[in-house]
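I have placed the structure first, in the form of structure tokens, so that the comments after it can refer back to it.
Numbers restart at 1 for each chain; the letters A, B, ... are given by sequence-line order, proteins then strands.
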Protein chains: 2
Amino acid sequence: MGSRPTLASLAGQLGVSRQTISNAINAPERVSPPTLERVRELIAASGYRPNNAARQLRTRRSRNLGYRLFPSPDGINTAIMDRFLHALTERLYEHGYRVTVFAVANDDAEIEAYEELLETAELDGFIVADTRQDDPRTSWLMDRGVPFVTFGRPWAADNDSCPHSWVDVDGRVGTAEATHYLLTQGHRRIGFLGWPEGKDLARARPTGYELGRDRKEGWKAALSPHLEPAELELLSVGVPDRIREGAAGALTLHRNGATAIVCASDSLALGASEQLRATFPDKSPAVIGFDDTPVAAAVGMSSISQPVEEVAEKVVEIMRTILDGPANQTKAPQHILLPPRLVLRDGGGPLANPPTP
Amino acid sequence: MGSRPTLASLAGQLGVSRQTISNAINAPERVSPPTLERVRELIAASGYRPNNAARQLRTRRSRNLGYRLFPSPDGINTAIMDRFLHALTERLYEHGYRVTVFAVANDDAEIEAYEELLETAELDGFIVADTRQDDPRTSWLMDRGVPFVTFGRPWAADNDSCPHSWVDVDGRVGTAEATHYLLTQGHRRIGFLGWPEGKDLARARPTGYELGRDRKEGWKAALSPHLEPAELELLSVGVPDRIREGAAGALTLHRNGATAIVCASDSLALGASEQLRATFPDKSPAVIGFDDTPVAAAVGMSSISQPVEEVAEKVVEIMRTILDGPANQTKAPQHILLPPRLVLRDGGGPLANPPTP
DNA sequence: GGGCGAAACTTGAACGATCAAACCTTGTTT
DNA sequence: AAACAAGGTTTGATCGTTCAAGTTTCGCCC
């Protein structure tokens, strides 16, 4: 029982040189059809697979990309990044790329890890999630010309002139759509349950504060034709991203006259929904969450769904044009903003009538 | 500006041979103290890091382990595997190991991926989660002598004679502890809300059915000294792992006289808890969940917490003795069963009194 | 003082692939 | 008919490391 086949061993069997086998794999047009055929047959029969380490040593390409795992915060919103990682891995795998994950505590450590991974494992690039304004990570990567794509906008004044590629979901469109839907249902006093504004309160939110502002603006834009600014003011509340706080915030909004609520996250929405149903069993305000997490689906709550699978697909597409595309082609950074989708559900919650056994 | 330092370039600067530098890194005892000192200084000053591809090509070790990402099911229990992956990655990184993740649809595809990853990326081993009885994956890995450790027992008749190493959490002990706690609180008729039994209903549960049986047995063992078998029978219900089903199951248990409920998952517990609180606002039965997911923490529900970080630590320890330990030492498989911890919370749920603004 | 052995270090080869350049064949051009 | 071009194939070198087998130095012992 021999060890695994190599280019040289295959070449020996076929009476050709290693380079011919190599060409058959990497540049088939250089090999004559009959030879190509024979080589391909042997490759299939022998189950040959090129050794990545050897290839990497020579080409300085690892076909391996890095992704940072985020620490699970106390929210329920991690589920969405889970789905993203899953889709990302799957899509990249299809194109022969592997994903190396790493976990670090903060941005500084993340940059250090980039350096380490680039130098030892020679990763070909990174997928960076959860970008913030003036993100030190993207500047670092850009400075050294490391290929990367972000899931998240740079949130700079002009996102379109951003020098790197990004894919993101348009939260504004999502909350606007939810608000419009509630308007068609006859609601006018629609509340927004979001996160606190101001940078110093960053801890209270799952990510940068720009995200929350974006989501709030969609609600505001959809509702402002129908309400006075003073009323709008009353109908917006910002609280830390926890279920408990969502419950409290919902009561405030209800007191201010809200008959329906659009939320910045499912955590808030879940708190709001359960609280309102408990406090006002007969006619509790409608609640729409954000992210369409499993919990929302489970309790039958409407929510705005981010197309993370599509985001992953776009990210991979862009990454491939950067890494596999023609070398000397100028690669203009791509910016893709995907619309979320409103998922309507009947309401759910505790069962009205105990089922008979 | 030169490219990155290599063994040869460092050797040139110091007037020694490459091998001496290599020895200083991998076998310091072979190098004389003064030379060692000089080499180490230069390494630090130059920021030299060994190239992994070259090292791998020669040693056939990649310092890279594989881990399969699970498809996010519709439950809320993925959070725990998230934490596990995070801890695992962190611990392995500390010891110079990287984690390559992959996502596949089923067991066959998983085995194919093992093969692919072993041959091309030459992974050193795998961490296998969520094992079942007669798991085809572990047999495959064992047959080819691939190093691996599982998070999860083999669930065979005799776990202790299992030929591979595993780490798991003792669900039985967890539910027993929860039941005991409820007994000390004066409860006698304590219900168990679990999953359906029988292999054909596998879809209804997050994983193999052995897990659910294990958790149920802890409750049964703790309670059987206090109740007749017939009563026990009435106090146990098995439903699919969804919030909605948990709500229904809880009502059944309540009808059968349960004053407290121990659950096989937080999904079920959440449904039970919310339902009971809605249906019996004044004196709703106590509910204890399983897995201590973020949702449980958020709604203030008691739950049995799996020490996944500790599991990850043990898994890494075992993996290191396999991979880095003395080569010709006989490695008896290790089996570690960790106890979960009961996390008590006040109850939470909707706020009784609307807070003043 | 010759032989021996250990310690410290060096040298050549190998891992398995790709790059760059050389080498044959053919067939076409002048 | 000699020169040239292009297509197909081979050869030698190289990526950066470690293994295995050398070499040198020096002290020790009989």
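- Figure legend: cation-pi geometry between B/Arg91 and B/Tyr93 absent, as NZ or CZ is not positioned both under 6.0 Å from the six-membered ring centre and within 45° of its axis.
- Here B/Ile43 contributes atom CD1 and B/Ile25 contributes atom CD1; the two are 4.0 Å apart, rounded to the nearest 0.5 Å.
- A/Arg60 places its CZ atom 13 Å from the C1' atom of C/dA17, with the value rounded to the nearest Å.
- Listed pair A/Thr35 / D/dT9 meets the phosphate criterion, a side-chain N or O lying under 4.0 Å from OP1 or OP2.
- Between A/Arg98 and B/Glu116 a salt bridge is recorded (basic side-chain N to carboxylate O distance below 4.0 Å).
- Taking atom CG of residue A/Leu57 and atom C1' of nucleotide D/dT18, one finds them 13 Å apart after rounding to whole Å.
- Salt-bridge formation is not detected for the pair B/Asp124/B/Arg60: no Lys NZ or Arg NE/NH1/NH2 atom is positioned less than 4.0 Å from an Asp or Glu carboxylate oxygen.
- Salt bridge annotation for B/Lys314-B/Glu309: absent, with no cationic side-chain nitrogen under 4.0 angstrom from a carboxylate oxygen.
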For nucleotides 18-22 of chain C, list the nitrogen or oxygen atoms of the protein found under 3.5 Å from its nitrogen or oxygen atoms, one pair per line.
{"residue": "C/dT18", "atom": "OP1", "partner": "A/Asn26", "partner atom": "ND2", "Å": "2.6"}
{"residue": "C/dT18", "atom": "OP1", "partner": "A/Arg55", "partner atom": "NE", "Å": "3.2"}
{"residue": "C/dT18", "atom": "OP1", "partner": "A/Arg55", "partner atom": "NH2", "Å": "3.4"}
{"residue": "C/dT18", "atom": "OP2", "partner": "A/Ser22", "partner atom": "OG", "Å": "2.5"}
{"residue": "C/dT18", "atom": "OP2", "partner": "A/Asn26", "partner atom": "ND2", "Å": "3.4"}
{"residue": "C/dT18", "atom": "O2", "partner": "A/Arg58", "partner atom": "NH1", "Å": "2.8"}
{"residue": "C/dT18", "atom": "O4", "partner": "A/Arg18", "partner atom": "NE", "Å": "3.2"}
{"residue": "C/dT18", "atom": "O4", "partner": "A/Arg18", "partner atom": "NH2", "Å": "3.3"}
{"residue": "C/dC19", "atom": "N4", "partner": "A/Gln19", "partner atom": "OE1", "Å": "2.6"}

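- Look at CZ on A/Arg61: it is 23 Å from P on C/dG16, rounded to the nearest Å.
- Between B/Asn51 atom CG and D/dG16 atom P the separation is 7 Å, expressed in whole Å.
- Straight-line distance from the CZ atom of B/Arg49 to the C1' atom of D/dT17: 17 Å, rounded to whole Å.
- In terms of phosphate contacts, B/Ser17 brings a side-chain nitrogen or oxygen within less than 4.0 Å of OP1 or OP2 of C/dT10.
- Rounded to whole angstrom, the span from the CG atom of B/Asn52 across to the C1' atom of D/dC15 amounts to 14 Å.
- A cation-pi arrangement is absent between B/Arg68 and B/Phe102 under the rule of less than 6.0 angstrom and at most 45 degrees off the ring axis.
- Relative to the ring axis of B/Trp155, B/Arg153 places its NZ or CZ within 45° and under 6.0 Å from the centre.
- Heavy-atom distances under 4.0 Å link DNA chain C to no residue of residues 36-43 of chain B.
- Atom CZ of A/Arg4 is separated from atom C1' of C/dG16 by 10 Å (rounded to the nearest Å).
- Which of D/dG16, C/dC9, D/dT9 sits closest to the side chain of B/Val31 comes down to C/dC9.
- Ion pair B/Arg4/A/Glu122 flagged as a salt bridge, since at least one NZ, NE, NH1 or NH2 atom sits closer than 4.0 Å to an Asp/Glu carboxylate oxygen.
- Contact annotation for A/Ser32: backbone-only contact, meaning every heavy-atom pair under 4.0 Å involves sugar-phosphate atoms and none involves a base.
- Atom-to-atom, CG of B/Leu14 to P of C/dA8 comes out at 17 Å; the value is rounded to the nearest Å.
- A/Asn106 and A/Glu110 share no side-chain donor-acceptor pair at under 3.5 Å.
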